[in-house]
Novice: 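Take this structure, written in structure tokens, and hold onto it; I'll ask about it next.
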Amino acid sequence: MSDKGSVRIWLLVVLAVALGGVGYYLYSLSRSGNAKEEAAVEVVAVEKPKTQTETTVEREAQGKKEGESSISEKKGPLSREEARHIVKGKIGNELLSAIEPGLPPGQGEQYCKKMEEYVVDYFKYLDENKQTDSGSKKIDSFDHFKQILKDLEKRPPIPAGEGSSPTVMIANIFYFSRALDRKDIELIRKIIGSDKDTVEINMDMFFRWLMLDGHCLDSKGFRPSFDALYKYAGFFLNTTGGRAYMFRRSTPIRLLTTYYSLLIIHKADRLGLNRYGMDILPFIKSAKQDIGLYPDFEFQNEYMNNLLSMEKYYLKRR
């Protein structure tokens, strides 16, 4: 056989093999497509349509599960409305004023009990949401807070006199770092930042509870005296260290602490207990401006009305 004949035969063989491979590939694709269609048909045939009853039951179960998850995530001491009714009290249809905090008429014992329960529940809520290392000792937030209050009352700051005594100014600048340890400061930060959505009602709760001294029995034995509250209010308003500490806090915490400090010193003025002679009228004017420009307070009108009332009180006495 000639060389040309041999070449032609080899070309025919290679071409035949190539065509056979392409044909087999196309055939396999066709089989694969048919198999997928058959599988889809089988799945549709096996899966029975759900009845309306089955669908409703599944939806209710899913809704219940989501509801339980939502409640566990948002669980707090009390809802905002419940807290509002307990904390603020009522005289007829009017809320109990923060300028004259005390007991709603006819609700004395009940109000004292509810306020105390609210404080205790708040710390239970903190403990339930506290993340601790498995090897660390769990500390009860309520007991820890009681100890902090006792320690702070033993060593109160000096709320005035920095201008004539550099020693007082230095002591106030480093006050919290000397009066509290790291764990104490961590708990205070946790309280301050525990729930931004309820910070207003929580701070109102603490203020009104603190101001119940003389109205309610302190069954837990840790409500500080009014004299201690007066000194700390003056510290936050009237000292370099107190103001520096406040400006390191968030805007709502700073404004609300200023507001409640003003209420405490205003009460001391009316009771003749402002023994350091602190003049809070300039602080009232600046607080009125700052709170009036802060749009996110739920009780902004209440704050503004109380600040205006205090401002009129002092202007009349000038």
Side-chain angles (χ1 to χ4, degrees), residues 88 95 97-101 152 156-166 168-176 188-189 191-193 196 198-208 210-211 226-318:
K88 294 186 177 295
L95 294 176
S97 173
I99 292 182
E100 295 287 351
L152 291 177
I158 301 174
E162 288 186 344
S164 58
S165 176
V168 172
M169 180 184 292
I170 294 172
N172 284 334
I173 289 174
F174 296 102
Y175 174 73
F176 280 119
I188 292 173
R189 286 177 178 171
I191 293 171
I192 291 174
K196 295 179 180 179
T198 59
V199 64
E200 288 184 76
I201 197 66
N202 286 337
M203 288 193 72
D204 198 12
M205 174 267 293
F206 273 110
F207 168 73
R208 292 175 187 268
L210 289 169
M211 301 301 282
F226 180 76
D227 182 63
L229 297 177
Y230 164 75
K231 289 177 181 177
Y232 280 98
F235 169 76
F236 289 125
L237 290 175
N238 200 47
T239 71
T240 303
R243 290 198 299 270
Y245 178 81
M246 291 308 303
F247 275 100
R248 293 197 298 271
R249 306 278 72 81
S250 64
T251 299
I253 293 296
R254 175 173 60 83
L255 295 179
L256 290 172
T257 303
T258 298
Y259 168 73
Y260 287 114
S261 295
L262 289 169
L263 288 174
I264 291 171
I265 297 180
H266 179 56
K267 180 178 179 179
D269 262 333
R270 290 182 288 113
L271 296 176
L273 299 176
N274 185 5
R275 55 195 180 92
Y276 285 94
M278 288 180 280
D279 178 14
I280 62 171
L281 181 58
F283 299 112
I284 292 173
K285 290 180 177 179
S286 61
K288 193 172 66 168
Q289 182 178 4
D290 292 342
I291 291 177
L293 293 174
Y294 189 74
D296 296 335
F297 281 143
E298 180 182 357
F299 306 120
Q300 185 184 49
N301 289 337
E302 179 184 337
Y303 306 145
M304 294 298 291
N305 289 336
N306 287 337
L307 289 169
L308 182 61
S309 176
M310 287 189 285
E311 184 180 48
K312 290 179 179 178
Y313 174 89
Y314 290 105
L315 288 175
K316 286 180 180 179
R317 285 158 177 74
R318 292 288 163 130

Novice: Nearest 0.5 Å, please: how far is CG in Leu262 from CG in Leu237?
Specialist: 5.0 Å
Novice: Quick check for you: to the nearest 0.5 Å, what is the distance between Asp290 atom CG and Thr258 atom OG1?
Specialist: 8.0 Å
Novice: Passes side-chain contact (heavy atoms from CB on, under 4.5 Å), Leu273 versus Asp227? Steps please.
Specialist: CA-CA 8 Å; Leu273 299 176; Asp227 182 63; over 6 Å; no
Novice: Any heavy-atom pair between the side chains of His266 and Asn306 that's under 4.5 Å?
Specialist: no
Novice: Roughly how far, to the nearest 0.5 Å, is the NZ atom of Lys231 from the CD1 atom of Ile264?
Specialist: 14.0 Å
Novice: With heavy-atom distances below 4.5 Å as the criterion, would you say the side chains of Met203 and Thr257 are in contact?
Specialist: yes
Novice: Examine distances only and state if a side-chain atom of Asn238 and a backbone atom of Pro159 form a donor-acceptor pair shorter than 3.5 Å.
Specialist: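 Such a contact is found between Asn238 side chain and Pro159 backbone.
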Novice: Looking only at atom types and distance, does a side-chain atom of Gln300 sit under 3.5 Å from a main-chain N or O of Tyr294, one as donor and one as acceptor?
Specialist: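 Answer holds: yes.
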Novice: How far apart are the closest heavy atoms of Glu100 and Arg270, and which atoms are they?
Specialist: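 For Glu100 and Arg270, the tightest heavy-atom pair comes out as OE2-NH1, 2.8 Å.
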Novice: Please round to the nearest 0.5 Å and tell me the distance separating atom CG of Leu263 and atom CZ of Arg208.
Specialist: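 Leu263 CG to Arg208 CZ: 9.0 Å, rounded to 0.5 Å.
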Novice: Is there a side-chain contact between Phe226 and Leu210 in this structure, where contact means two heavy atoms from C-beta onward sitting under 4.5 Å apart?
Specialist: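 Phe226 does not reach Leu210 side chain to side chain.
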Novice: Rounded to the nearest 0.5 Å, what's the gap from CG on Leu307 to NZ on Lys285? Could you check?
Specialist: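 One gets 13.0 Å once the value is rounded to the nearest 0.5 Å.
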Novice: Would you call Tyr259 and Ile291 a side-chain contact if the rule is heavy atoms closer than 4.5 Å?
Specialist: yes
Novice: Between Asp269 and Tyr314, is a side-chain hydrogen bond (donor to acceptor under 3.5 Å, both in side chains) present by the stated rule, with each step listed?
Specialist: CA-CA 10 Å; Asp269 262 333; Tyr314 290 105; 2.6 Å; yes
Novice: Heavy atoms only: give me the nearest Thr239-Gly242 pair and the separation to one decimal.
Specialist: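 In this case the closest contact between Thr239 and Gly242 is OG1-N, 2.9 Å.
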Novice: Tell me the closest heavy-atom pair linking Gly161 and Val168, and the distance in Å.
Specialist: O-CB, 4.4 Å
Novice: Looking at every heavy atom in both Leu308 and Lys288, which two are closest together, and how far apart are they?
Specialist: CD1-NZ, 4.2 Å
Novice: Give, for atom CG of Leu255 and atom OH of Tyr303, the distance between the pair rounded to the nearest 0.5 Å.
Specialist: 10.0 Å
Novice: Does Tyr175 reach the main-chain N or O of Phe235 with its side chain, forming a donor-acceptor pair under 3.5 Å?
Specialist: no
Novice: With distance as the sole test, does Asn305 use its side chain to make a donor-acceptor pair with the main-chain N or O of Asn301 at under 3.5 Å?
Specialist: yes
Novice: With a 3.5 Å distance limit and no angle check, can you tell me whether Glu200 reaches the backbone of Glu298 through a side-chain donor-acceptor pair?
Specialist: yes
Novice: Is the Lys NZ or Arg CZ of Arg249 less than 6.0 Å from the centre of Tyr245's six-membered ring, within 45° of the axis?
Specialist: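 Ring-cation test returns yes.
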Novice: Is there side-chain contact between Asn172 and Pro157, with at least one heavy-atom pair below 4.5 Å?
Specialist: yes
Novice: Using side-chain heavy atoms (C-beta onward) and a distance below 4.5 Å, is Arg275 in contact with Tyr230?
Specialist: yes
Novice: Kindly indicate whether the side chain of Leu229, heavy atoms from C-beta on, has any atom under 4.5 Å from the side chain of Lys267.
Specialist: no
Novice: More than 12 heavy atoms of other residues, nucleotides or ligands under 6.0 Å from CD1 of Ile158: is that the case?
Specialist: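 Not more than 12 within 6.0 Å, no.
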Novice: Are side-chain heavy atoms of Phe283 and Met278 found at a separation under 4.5 Å?
Specialist: no
